[in-house]
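Quick note on labels: first sequence line is chain A, next is B, and so on, each numbered from 1.
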Amino acid sequence: MIKARLKERLDQCFVEGVKEGSWTGAAEGLYSVEEPKHAAHGDFSTNMAMIIAGKEKKKPRDVAGLLVDLLASHTDLLKKVEVAGPGFVNFFVNNAVWQSVPRVVNEAGSDFGLSDIGKGKRVLVEFVSANPTGPLSVGHGRQAVLGDAIARLLSATGYDVTREYYYNDAGRQMRVLGESTRARYLEQLGLPSEFPEDGYQGEYIDEIALELKDEVNDSLKDTEDVTVFKERAEKAIFKDINNTLNRMGIHFDHYYNEHSLYEDGLVDDVVSCLRDKGLVYDSDGAVWFKTTEFGQEKDRVIIKSTGEPTYRLPDIAYHREKFRRGYDWMVDIFGSDHIATVPDVLAGVRALGYDDSKVTVVLHQFVTLMRDGKQVKMSTRKANFITIDELLDEVGPDVVRFFFLMRKADSQLDFDLDLATTQSQENPVFYVQYGHARLTSILKKNEETVNIELPSVDSAPLHLLELPEELNILKAMASYPDLVKNSALDLTPHRIIFFLQELAGQFHSYYNKHRVISDDIPLSQARLWLVRALRIVFRNGLNLVGVKAPDTM
RNA sequence: GCGCCCGUAGCUCAGCUGGAUAGAGCGUCGGACUUCGAAUCCGCAGGUCGGGGGUUCGAAUCCCUCCGGGCGUACCA
């Protein structure tokens, strides 16, 4: 918020400089305002002089001097402006500006950090999209948490967000699921059965079969058609998946069934559209899509010689529907094993005349589970994987969410089960939550025992907040709205996590060094307002990543 | 072979469109509770930013190349 104000002033000065003939407009939009790493370099700095000097073959420090002169009139915001290093212009902001932050935060309350940069734009976030063949794995969990956090960020920045789950309840996988369930059912009855070679071996199938047996006895023993078994299993598994997602506080606005694409003829239509454009041909009994026309190495099969489509075709049809449904931006969250489909789908939508730059794919790398310092090998088929449910049982939703968001999507994630379970009190999520609980506790202490009367935030003596620690906390809070915007636009929720950890660190340190409530009444009042503001920022930040902000722990 | 991702402290990772002395947590070691919650804090130690070139005022960040790891490279999803 302060940074944006400064940038405005700077832009004015730039224009003035052009008007006065000090420089040309060549550097417009190329310079930036940054937050220096070292406090000695000010609260903010700009490289404007160096950029201009580069364009105009002048000395950076001379240009910087001219800029400083232009800035001389902006004393309300700045207490000091100086030229440093190779030509940086460093800004020192008036304390009064920082001291106004609690006012802004408290007035905005739960709206602090929200913005409207996405106003009027509809965005579709597709994530999880697991087919109902088994419980959600930790990989799905990462995706669920990531997608949800991204959706929250986009909502916070004003986008009209739809969360969508795309699934397929038809096809080969589901047939195998039905066969597996039937085999287990027959086993329960003590009848001979043939478990499919590539069947699903998880215990959840046994449970489904057992329930089925209890309900219908042996009335299905001669049923050769696996449909009834498939549907039974699908229903149970989907219920399970939804329970798991609910436990994490994740909800979808819409479930999109791949099968409906076939029923509505949309898959066939894609083929004929592409064929009309000459981008499809028949060879070896299969139908091929000329992906080479879109810069790829070789063409891809979209309909197998058996007449069944490959996964690419419905994916293309699905994405075309996303466009047709009128979204301005489509965000797909995929596991890195789906990387191969991305170029095909994008080529498909481009071939159909849509702007594929409206699709952003967030690929997240795998989660490897570590137990006893060793990697746990996992496979859905073999059912030797750890489910998200099990993880939730052990550490709870807050830790799961926090852990999955601690790393950016494109780094692999080692989930240390030992740390997450046995040593959970050392988990960083508690560090942040404890910060919030502590803030609450201070306010409670005052309300219940000390009773320092708190004037309105407008009349509170906030100018007394002048300790370096206090000013740093104020600065951190002031940077929060920009952080939310940038995290949203870049789809990088992990930055919120890092910010919260940083802020918690600042607060804990401050807490241990200085007392909020003391005999000095005006100072206590100012600090109580600081605490209130800080608590709001914690709440808003935690809420943005879907982690609870507890008052007590 | 080719494509994408990753390689930063003992371990796990941050580092926004290239910026001025590279950060945090965990771990090690040593300290701090008669005061708002010690699930906390303070301090010490720890680095050729995988290697080598290049681009420029300036590179962990951009380009090239090599090395190492992951995921793909299906008429599986």
Side-chain angles (χ1 to χ4, degrees), chain A residues 30 32 34-38 40-41 45 47 50 53-54 59-60 84-88 90 129-131 133 168 171-173 198 258 283-288 296-298 300-312 314-315 335-343 363-366 368 370 373 406-414 416 419 423-431 433-435 437-446 449-450 482-483 486-487 489-490 492 494-495 497-498 501-502 504-505 507-518 524 527-528 531 552-553:
Chain A
L30 297 175
S32 60
E34 287 143 20
E35 292 161 55
K37 273 177 256 176
H38 304 282
H41 296 146
S45 73
N47 57 358
M50 290 182 289
K59 287 184 184 164
F88 288 103
N90 295 338
S129 297
N131 289 341
T133 58
N168 183 16
R172 203 185 67 85
Q173 281 190 8
D198 54 354
E258 178 181 325
S283 175
D284 303 329
V287 180
W288 297 71
Q296 291 188 45
E297 238 180 301
K298 52 181 181 179
R300 303 291 180 184
V301 170
I302 49 174
I303 300 177
K304 301 184 233 174
S305 49
T306 60
E308 282 180 289
T310 64
Y311 61 87
R312 294 182 187 92
D315 275 4
S336 61
D337 55 336
H338 281 63
I339 190 165
T341 79
V342 174
L363 285 167
H364 65 87
Q365 296 291 317
F366 280 0
T368 46
M370 308 293 286
M406 272 196 313
R407 281 140 183 74
K408 57 182 183 222
D410 50 15
S411 36
Q412 290 173 48
L413 194 155
D414 281 348
D416 187 337
L419 179 77
Q423 300 177 33
S424 60
Q425 63 276 29
E426 283 163 15
N427 209 298
V429 62
F430 295 113
Y431 184 76
Q433 289 184 317
Y434 182 53
R438 224 175 200 181
L439 289 161
T440 307
S441 162
I442 294 171
L443 295 171
K444 203 168 144 198
K445 168 90 178 175
N446 185 52
T449 64
V450 187
D482 270 345
L483 173 77
N486 292 332
S487 306
L489 292 175
D490 298 342
T492 50
H494 74 276
R495 283 198 233 161
I497 296 286
F498 279 91
Q501 292 189 92
E502 174 78 27
F507 167 62
H508 285 309
S509 175
Y510 172 65
Y511 174 91
N512 274 276
K513 205 166 164 187
H514 306 287
R515 290 189 61 79
V516 172
I517 298 169
S518 68
S524 300
R527 288 181 174 174
L528 282 166
V531 164
T552 58
M553 299 190 61

_Residue whose closest nucleotide on RNA chain B lies nearer the 5' end, A/S45 versus A/F498_ = A/F498

_Atom-to-atom span, CD1 of A/I303 to P of B/A77 - whole angstrom_ = 13 Å

Please produce a list of atom pairs where a protein N or O lies less than 3.5 Å from an N or O of nucleotides 55-59 of chain B.
none

*Short side-chain N/O contact to B/C5 OP1/OP2 from A/K408, under 4.0 Å*: no

_For A/S441, all residues meeting side-chain hydrogen bond (donor to acceptor under 3.5 Å, both in side chains), sequence neighbours excluded_ = none

*Stacking here means centres under 5.5 Å and planes under 30°; does A/H38 stack on B/A20?*
no

*Check whether the side chain of A/S305 and the base of B/C75 form a donor-acceptor pair under 3.5 Å.*
yes

*Where does B/C42 fall, syn or anti, if syn means a chi angle no more than 90° from 0?*
anti

*asked:* Between B/G19 and B/U55, how far apart are the two C1' atoms, rounded to whole Å?
replied: 16 Å

Identify all pairs in which a protein N or O lies below 3.5 Å from an N or O of nucleotides 60-62 of chain B, and state each distance.
none

*Kindly say whether A/I302 contributes a backbone atom to a donor-acceptor pair with the side chain of A/W288 at under 3.5 angstrom?*
no

Please tabulate the protein-to-nucleotide N/O contacts below 3.5 Å involving nucleotides 72-74 of chain B, giving atom names and distances.
residue: B/A74; atom: OP2; partner: A/K298; partner atom: NZ; Å: 2.7

*asked:* Whole angstroms only, please: what is the CG-C1' distance between A/L489 and B/U17?
replied: 12 Å

*Separation of B/A14 C1' from A/Q501 CD (nearest whole Å)*: 9 Å

*Answer whether the closest heavy-atom distance between the side chains of A/S524 and A/S518 falls below 4.5 Å.*
yes

_Between A/K408 and A/D490, does any NZ, NE, NH1 or NH2 come within less than 4.0 Å of an OD or OE carboxylate oxygen?_
no

*Nearest-nucleotide 5' precedence on RNA chain B, A/W288 against A/A409*: A/A409

*Could you write out RNA chain B as a dot-bracket string, with dots for unpaired bases, | for bases paired across to another strand, and Watson-Crick or G-U pairs counted at under 3.5 Å?*
(((((((..((((.....[...))))..((((.......))))......(((((..]....))))))))))))....

Pairwise N/O distances under 3.5 Å, protein to nucleotides 34-36 of chain B:
residue: B/U35; atom: O2'; partner: A/R515; partner atom: NH1; Å: 3.3
residue: B/U35; atom: O2'; partner: A/R515; partner atom: NH2; Å: 3.2
residue: B/C36; atom: O4'; partner: A/R515; partner atom: NH2; Å: 3.2
residue: B/C36; atom: O2; partner: A/I517; partner atom: N; Å: 3.1
residue: B/C36; atom: N3; partner: A/V516; partner atom: N; Å: 2.8
residue: B/C36; atom: N4; partner: A/Y511; partner atom: O; Å: 3.0
residue: B/C36; atom: N4; partner: A/H514; partner atom: O; Å: 2.4

*On a whole-Å scale, what distance lies between the C1' atoms belonging to B/C6 and B/G15?*
15 Å

*Is a side-chain N or O of A/R527 found less than 3.5 angstrom from the main chain of A/I517, in a donor-acceptor match?*
no

*Output yes when a side-chain donor or acceptor of A/D410 lies under 3.5 Å from a complementary backbone atom of A/L363, and no otherwise.*
no

*Ignoring hydrogens and angles, are the base of B/A20 and the side chain of A/N90 linked by a donor-acceptor pair under 3.5 Å?*
yes

_Are A/M406 and A/P428 packed together at the side-chain level, in the sense that at least one heavy-atom pair is separated by less than 4.5 angstrom?_
yes

*Report yes if a side-chain nitrogen or oxygen of A/H494 is closer than 4.0 Å to either non-bridging phosphate oxygen (OP1 or OP2) of B/G15; otherwise report no.*
yes

*Expressed in angstrom and rounded to an integer, what is the separation of A/Q173 atom CD from B/A77 atom C1'?*
5 Å

*Distance, rounded to the nearest Å, where A/N427 contributes CG and B/C26 contributes P*: 11 Å

*Kindly say whether A/G505 contributes a backbone atom to a donor-acceptor pair with the side chain of A/S509 at under 3.5 angstrom?*
no

*Nearest-0.5 Å distance, CZ of residue A/F507 to CG of residue A/L439*: 4.0 Å

_In whole Å, I'd like the distance from the CG atom of A/D414 to the C1' atom of B/G7._
14 Å

*Exam field: side chain A/R312 to backbone A/V301, donor-acceptor pair closer than 3.5 Å*: yes

*Over 60° means perpendicular and under 30° means parallel, so classify the ring planes of A/H41 and A/H38, tilted if in between.*
perpendicular

_Output the rounded distance in Å from OH (A/Y434) to C1' (B/G25)._
18 Å

*Evaluate the side chain to side chain contact (heavy atoms under 4.5 Å, CB included) criterion for residues A/Q365 and A/L413: first the C-alpha distance (whole Å), next the side-chain angles of each, then the deciding distance (0.1 Å), finally the verdict.*
CA-CA 7 Å; A/Q365 296 291 317; A/L413 194 155; over 6 Å; no

_Rounded distance in Å - CG (A/L483) to P (B/U17)_ = 14 Å

*asked:* Show, in sequence, the C-alpha distance, side-chain angles and deciding distance for A/K304 and A/D284, and conclude whether the salt bridge (charged side-chain N to carboxylate O under 4.0 Å, His left out) test is met.
replied: CA-CA 9 Å; A/K304 301 184 233 174; A/D284 303 329; over 6 Å; no

*Work out which heavy atom in A/N47 is nearest to a heavy atom in A/S32; give both atom names and the distance.*
OD1-N, 2.9 Å

*Are the side chain of A/N131 and the backbone N or O of A/N168 linked by a donor-acceptor pair below 3.5 Å?*
yes

*Taking the side chain from A/H508 and the backbone from A/Y431, do they hold a donor-acceptor pair closer than 3.5 Å?*
yes

